[in-house]
Engineer: 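Mind looking over this structure? Questions follow.
Chain identifiers are assigned alphabetically (A, B, ...) following the order of the sequence lines, protein sequences preceding nucleic acid strands; residue numbering begins at 1 within each chain.
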Amino acid sequence: MTEQNVPAVDPAEDLPEQMRVRRSKRDRLLAEGVEPYPVGFERTATLAEIRAKYADLATDSASGDTVGITGRVIFVRNGGKLCFATLRDGDGTELQAMLSLDQVGAEALEQWKRLVDLGDLVGITGEVITSRRGELSVLAGSWTMTAKALRPLPVAHRPLSEETRVRQRYVDLIVRPQAREMVRTRATAVRSLRESLFARNYLEVETPMLQLLHGGATARPFVTHSNALDIDLYLRIAPELFLKRAVVGGIERVFEINRNFRNEGMDSTHSPEFAMLEAYQAYADYNVMQQQVREWIQEAADATAGSHIVTHFDGTELDLGGEWRSVTLFGSLSEALGEEVTVRTDLASLQRYAEKHDLSVDPKWGPGKLAEELFEHLVQHTLQQPTFVRDYPEETTPLTRAHRTEPGLTEKWDLYVLGFELATAYSELVDPVVQRERLVAQSLLAAGGDAEAMQLDEDFLRAMEYGMPPAGGMGMGIDRLLMALTGLGIRETILFPLVRPE
RNA sequence: GCGCCGCUAGCUCAACUGGCAGAGCAGCGGACUCUUAAUCCGCGGGUUGUAGGUUCAAGUCCUACGCGGCGCACCA
């Protein structure tokens with residue numbers, strides 16, 4: 001280690017070498033009277049605009065046009081009197097900047113070589129030209145540091161570890177085009193859903209996330225506390241009970257796209273906070289919702305992929321076009337078992353099938369629950385193409401309207417794709433007397449039979465007693481829609497997923 | 001909650017059966033006016049996740065803990 005090779009940094013600072021070097025470059029900028037974080041930069045064109053406008057500029061020629069561009073330095077190729085840098089700006093477009101001794105001058109060129117690192121944000125003002133090799137470039141007349149990066153960029157050509165991608169998404173976004181693409185795809189899909197619903201005269205509302213009682217689904221909630229009211233509140237597990245209140249009030253087509261919170265396990269298809277579309281339509285039923293959901297998803301595929309055939313990031317294709325397969329729960333189960341089973345098949349027979357297929361059975365399960373477990377064990381993972389699975393046992397769906405022709409069943413479907421549940425819909429139960437009976441039973445169950453611990457949403461029941469029109473209702477996981485469109489895990493579809501503290 | 005696998009330089013990864021911690025990129029010094037993950041010469045960079053233990057000797061073996069991944073369970 002010779003004295004000359006030691007960068008002028010404070011050795012007392014306990015930082016990695018590269019961070020000390022960058023801090024010292026920031027100091028040098030300040031010492032030379034250059035602001036490392038100036039208030040702005042006069043950008044006259046985005047890199048994409050320049051690429052579009054000068055796409056036909058001949059090799060080794062000059063346009064005569066001067067522009068101001070900005071971007072993050074992602075590659076540097078410095079020579080003695082001529083430097084090249086690849087800049088990338090917000091939409092991911094890259095463009096080459098050139099700094100030559102005769103154009104930018106000795107001092108500016110020297111500063112560039114001495115003070116600019118990979119990852120810095122810079123502004124370049126100069127002429128649009130093409131290099132001798134034909135690369136579209138901006139030949140700098142001047143350059144400006146717009147934000148000095150104090151941390152080194154990770155290697156651009158090797159993938160970040162999955163953990164770093166999730167924990168430091170900002171870095172992931174900088175280095176990985178796919179990460180930026182995911183953000184755009186998600187925004188496009190959500191926008192498409194809103195437009196699909198607006199086009200069908202649905203109104204978008206926002207209902208409480210802080211709730212006195214949590215309802216509308218079966219899940220463990222997060223608990224929080226209001227200081228003003230001095231009461232505990234729940235983060236909602238579903239918006240359902242408020243959206244139904246809106247339908248009672250005459251908002252006949254209503255939807256909400258927002259977050260739900262469930263205090264349960266996290267895995268590749270479950271996130272504690274997840275975005276959900278829930279929609280209700282008066283005088284519709286689960287058949288109507290089935291048609292609509294298919295259309296909304298196909299419209300989202302069109303918006304994001306330009307086709308009903310979506311290409312996943314691993315290159316595989318998923319065809320979301322046309323009519324989708326529609327089966328019944330018991331029909332699909334019968335097919336998988338090779339034996340006819342219905343909602344009337346007795347428990348002992350179902351237990352024999354379970355044993356035959358190595359499914360361990362909880363003795364508390366009734367025949368309906370066991371049939372659903374068999375479905376999940378045998379059928380669910382086979383449903384890669386979008387498939388509606390219809391008509392669930394009353395036993396497992398007590399809050400759903402009874403099937404209009406099939407005793408013992410309810411009018412509910414689940415939509416499966418890639419082996420996971422993407423959406424669900426119901427012909428809603430709107431009889432307030434039956435609704436109360438079922439809710440009381442559910443609440444008692446949740447409270448372990450303790451009537452004192454039972455939580456019943458009396459206000460919701462009061463609303464229902466004013467009369468809710470017959471309605472179809474649906475819910476779809478937004479994150480899961482993005483999983484279907486991209487083939488990625490749920491944590492890749494969420495920009496900043498919850499992670500344990502480092 | 002249980003089991004298995006992993007955690008090594010800024011990043012991505014090597015290091016055989018316990019025997020001097022390495023590479024590529026990045027960084028630092030130098031050369032280069034047409035490069036494209038530039039090239040060439042030279043150099044530095046480590047509390048091997050944390051805390052203990054075994055051993056002459058631990059990245060490597062043992063124990064506990066932390067974080068991550070996968071599977072199971074829970075959960076819809």
Engineer: Mark yes when over 12 heavy atoms from residues, nucleotides or ligands other than E355(A) sit less than 6.0 Å from its CD; otherwise mark no.
Structural biologist: no
Engineer: Measure the distance from CD1 on I129(A) to C1' on U36(B) and round it to the nearest whole Å.
Structural biologist: 14 Å
Engineer: Please state the C1' separation for the pair U55(B) and G19(B) - nearest whole angstrom.
Structural biologist: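 Nearest-Å result for U55(B) against G19(B) at atom C1': 12 Å.
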Engineer: Which value, in whole Å, describes the distance between the P atoms of nucleotides G22(B) and G44(B)?
Structural biologist: 12 Å
Engineer: Would you kindly give the CG-to-P distance between N263(A) and G1(B), to the nearest whole Å?
Structural biologist: 13 Å
Engineer: Taking atom types as modelled and ignoring hydrogens, do the side chains of T396(A) and E372(A) form a donor-acceptor contact shorter than 3.5 angstrom?
Structural biologist: yes
Engineer: Is the phosphate of G45(B) approached by R20(A) (side-chain N or O, under 4.0 Å from OP1 or OP2)?
Structural biologist: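 Negative; the distance criterion is not met.
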Engineer: Write down the distance separating the P atoms in U60(B) and C70(B), rounded off to the nearest Å.
Structural biologist: 26 Å
Engineer: Judged by each residue's nearest nucleotide on RNA chain B, which is more toward the 5′ side, S100(A) or S161(A)?
Structural biologist: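 In this pair, the answer is S161(A).
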Engineer: Does OP1 or OP2 of G68(B) have a side-chain N or O of R167(A) closer than 4.0 Å?
Structural biologist: yes
Engineer: NA contact type, S137(A), heavy-atom cut-off 4.0 Å: base, sugar-phosphate, or nothing?
Structural biologist: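 No contact at all - S137(A) keeps every heavy atom at 4.0 Å or more from the nucleic acid.
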Engineer: Could you tell me which residues satisfy ring pair (Phe, Tyr, Trp, His ring centres under 6.0 Å) with Y416(A), sequence neighbours excluded, listed by chain and number?
Structural biologist: F375(A)
Engineer: Return no unless some side-chain N or O of K25(A) is found under 4.0 Å from OP1 or OP2 of C28(B).
Structural biologist: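 Result: yes.
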Engineer: Between atom CD in E110(A) and atom P in G30(B), what is the gap in whole Å?
Structural biologist: 9 Å
Engineer: Once you round it to whole Å, what is the distance between P of C75(B) and CD of E373(A)?
Structural biologist: 9 Å
Engineer: Rounded to whole Å, how long is the line connecting atom CZ of R151(A) with atom P of A9(B)?
Structural biologist: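 To the nearest whole Å, that distance equals 15 Å.
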Engineer: Between H157(A) and F75(A), does the ring centre distance come in under 6.0 Å?
Structural biologist: yes
Engineer: How far, in whole Å, is G49(B) from G10(B) if one measures between their P atoms?
Structural biologist: 13 Å
Engineer: Taking the C1' atom of each, how far is G24(B) from C20(B), in whole Å?
Structural biologist: 22 Å
Engineer: Which atoms of nucleotides 22-26 of chain B (N or O only) lie under 3.5 Å from a protein N or O atom, and what are those distances?
Structural biologist:
{"residue": "A26(B)", "atom": "O2'", "partner": "Q18(A)", "partner atom": "OE1", "Å": "3.1"}
{"residue": "A26(B)", "atom": "N3", "partner": "Q18(A)", "partner atom": "NE2", "Å": "2.8"}

Engineer: Could you work out the separation of G18(B) and G59(B) based on their P atoms and round it to a whole Å?
Structural biologist: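 Pairwise P distance, G18(B) against G59(B), rounds to 13 Å.
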Engineer: Measuring from the side chain of L160(A) (C-beta onward, heavy atoms only), which nucleotide among C34(B), C75(B), U12(B) has the closest atom?
Structural biologist: U12(B)
Engineer: Considering only atom C1', compute the distance from C16(B) to U54(B) and round it to an integer number of Å.
Structural biologist: 22 Å
Engineer: Can you measure H270(A) atom NE2 to A73(B) atom P for me and round it to whole angstrom units?
Structural biologist: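 Rounded to whole Å, this separation is 13 Å.
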Engineer: Could you tell me the separation between the CE atom of M98(A) and the P atom of A38(B), rounded to a whole number of Å?
Structural biologist: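 Result: 15 Å.
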Engineer: Using atom P in both nucleotides, what's the gap between G66(B) and A51(B) to the nearest angstrom?
Structural biologist: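 Rounded to whole Å, the distance is 15 Å.
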Engineer: When the distance from CG of L115(A) to C1' of G27(B) is rounded to whole Å, what number comes out?
Structural biologist: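 That distance rounds to 15 Å.
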Engineer: Checking D285(A) side chain against N287(A) main chain: does a donor-acceptor pair fall under 3.5 Å?
Structural biologist: yes
Engineer: Nearest to the side chain of P154(A), heavy atoms from C-beta on, is which of A37(B), G68(B), C11(B)?
Structural biologist: C11(B)
